[in-house]
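Please read all numbers here as calculations on a predicted model, not as lab measurements. Both ligands and their constituent atoms are indexed starting at 1 by order of listing.
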Amino acid sequence: MQNFDYQTPTRLIFGENVIEKLPGVMAAIGRKVLLTYGGGSIKKIGLYDKVKELLKDFEITELPGIQPNPRYDPSVLDGVRLCKENRIEVILSVGGGSVLDCSKAIAAGACYDGDPWDLISYKVKAKSALPVVDIITLAATGSEYDSGGVISRTETNDKIGYIDPLLFPVCSFLDPRYTFTVSRKQTAAGCADAMNHILEQYFCEDATLMNDGFCESGLKSLMINGKACLENPEDYRARAEMMFACTLACNGILSLGNSDSGWPMHGIEHALSGYYDITHGEGLAIITPRWMRHILSERTLGRFVKYGVNVFGIDASLPEEEIADKAIDATYAFFESIGIPMHLRQLGIDESRIDEMARHIAVNEGLENAYVPLSEQDIKEILIASL
Ligand code: NZQ
Ligand code: ZN
């Protein structure tokens, strides 16, 4: 078991109507608020009006229009400028992971005099950040309980996971009812994203029995509840458990004491959505079974056997190679069963930029240190197998 140093300062407020507590939470932090949101979903579900009503005594500046795969330019830069111009004291992010990730980058940029890209690209370490409160409306990333934000810079095809303990939200509000309207596509992608967060922690060199149990039940919960959400989008129980599982999946708590896997599938996917602006969870679902096949070997076989038996209930008396094979097939079949297109070509990605992406990933993602080290050639093979 590995050493660890763990602290999550985020307060989680979970359940129906919990945003009634919003004014009290916000008042303790600040009165000058930057309200950040995306392309309008929060207006359609009545959440925008509700927030405005709850915060009628606050001074609110708005940053709308934050896109999926949030952009450094204009969103982060506009947000930083608004914070500085209006002496913002707290950022309130209302929306999915993209809005929250962008808000975290703004929070750090607002307390820095130079170009915020210095922080996101790890050239400079932030000394402070504005507090961020969020109302999360999409179960997927776990950004509401972690210290990361993923920011895209289109002109360089960069998509960087910016991680710093300063970026933990102060408080996250999770009302599963606000996820009833999430589309089939985004529900499935969110399920795949959270499952992948768990798989990135499960497939590692040194894991404990306890963490394996957390991860295996997290995966089962996501598969069962993800399907139930698709069958009945207003199934409160299913939406609630999916939201809870997604929140826990990316915070690191499921793998405390495990060795770090290097998160190879995320390293590969971030380039795909950096280059092609695809939906993160879909990219991951496509990469996952191909990465699994690529790394399956005598060394990794035991992990696949455990995964196959404990997560998919595959007969433990079968030969180990057969269990591993069935486990990878079952992973593929699950993603396909929730409607995810399972080939990159279906997302408009062909072989034309594979070499360039493989190089970009090899140079920027450090996957030579992953659980199973990946060279540029390995990455290229995984991408080609995913076409
Ligand atoms: O923009 P609006 O109108 O709000 O619509 C959004 C968007 O079009 C819509 N949506 C959100 N809540 C909704 C809703 N539609 C109907 N009803 C609701 N309640 O869904 C679309 C996608 O939203 P987005 O925020 O992009 O999705 P998600 O939460 O999956 O976030 C994806 C981003 O997070 C990054 C990904 O790379 C990607 O950029 N990640 C962040 C992580 C983190 N912070 O820890 C970890 C992840 O691995 C991931 O990389
Ligand atoms: Zn992810």
Worksheet entry | Heavy-atom nearest neighbour of atom 7 (C) of ligand 1 within options Pro68, Gly97, Gly38, Ala140 | Pro68

Worksheet item: Nearest protein heavy atom to atom 1 (O) of ligand 1, by residue and atom, and its distance?
Response: Gly39 N, 2.8 Å

Worksheet item: Is there a heavy atom in Pro70 that sits closer than 4.0 Å to ligand 1?
Response: yes

Worksheet item: Gly40: heavy atom below 4.0 Å from ligand 1, yes or no?
Response: yes

Worksheet item: Do Thr36 and Ser103 have side-chain atoms, one donor and one acceptor, less than 3.5 Å apart?
Response: yes

Worksheet item: For ligand 1, is His197 a contact, meaning one of its heavy atoms is under 4.0 Å away?
Response: yes

Discussion item. For a quick check under 3.5 Å, do Ser337 and Lys227 share a side-chain donor-acceptor pair by atom type?
Written reply: yes

Practice prompt. Could you please spell out the steps behind the side chain to side chain donor-acceptor pair (under 3.5 Å) verdict for Asn157 and His360?
Written response: CA-CA 9 Å; Asn157 300 310; His360 183 97; over 6 Å; no

Worksheet item: Do Asn69 and ligand 1 have an N or O pair less than 3.5 Å apart?
Response: yes

Discussion item. Pairing donors with acceptors under 3.5 angstrom, does anything connect the side chains of Asp206 and Gln2?
Written reply: yes

Discussion item. My understanding is that we take every heavy atom of each candidate and find the minimum distance to atom 11 (C) of ligand 1. Doing that for Ile42, Leu138, Ile135, which one comes out nearest?
Written reply: Leu138

Practice prompt. Mind checking whether Glu269 contacts ligand 1 via backbone (N, CA, C, O), side chain (CB onward), both or neither, at a 4.0 Å heavy-atom cut-off?
Written response: neither

Item to complete: Flag the pair Arg293 / Asp325 as yes when at least one side-chain heavy-atom distance between them is below 4.5 Å, and no otherwise.
Response: yes

Worksheet item: Please state which protein non-hydrogen atom is closest to atom 3 (O) of ligand 1 and give its distance, to 0.1 Å?
Response: Ser41 N, 2.9 Å

Practice prompt. Please indicate whether any nitrogen or oxygen in Thr179 is less than 3.5 Å from any nitrogen or oxygen in ligand 1.
Written response: no

Worksheet, complete the sentence: closest protein heavy atom to atom 42 (C) of ligand 1 is Thr141 CB, 3.8 Å

Worksheet item: What residue and atom, counting heavy atoms only, is the protein's closest point to atom 16 (C) of ligand 1, and at what distance?
Response: Thr181 O, 3.3 Å

Worksheet item: Which residue and non-hydrogen atom of the protein lie closest to atom 32 (C) of ligand 1, and at what distance in Å?
Response: Ser98 OG, 3.6 Å

Practice prompt. Report yes if His280 has an N/O atom closer than 3.5 Å to an N/O atom of ligand 1; otherwise report no.
Written response: yes

Discussion item. I need the nearest protein heavy-atom contact for atom 19 (N) of ligand 1: residue, atom name and distance, please.
Written reply: Tyr178 O, 2.8 Å

Response to the item:
Ignoring waters, protein N/O/S atoms under 2.8 Å from the Zn ion (ligand 2) are Asp193 OD1, His197 NE2, His266 NE2, His280 NE2

Worksheet item: Can you tell me which residue and heavy atom of the protein come closest to atom 41 (C) of ligand 1, and the distance to 0.1 Å?
Response: Asp101 OD2, 3.0 Å

Response to the item:
closest protein heavy atom to atom 45 (O) of ligand 1 is Asp146 OD2, 2.5 Å

Worksheet item: Is the closest N or O pair between Gly142 and ligand 1 shorter than 3.5 Å?
Response: no

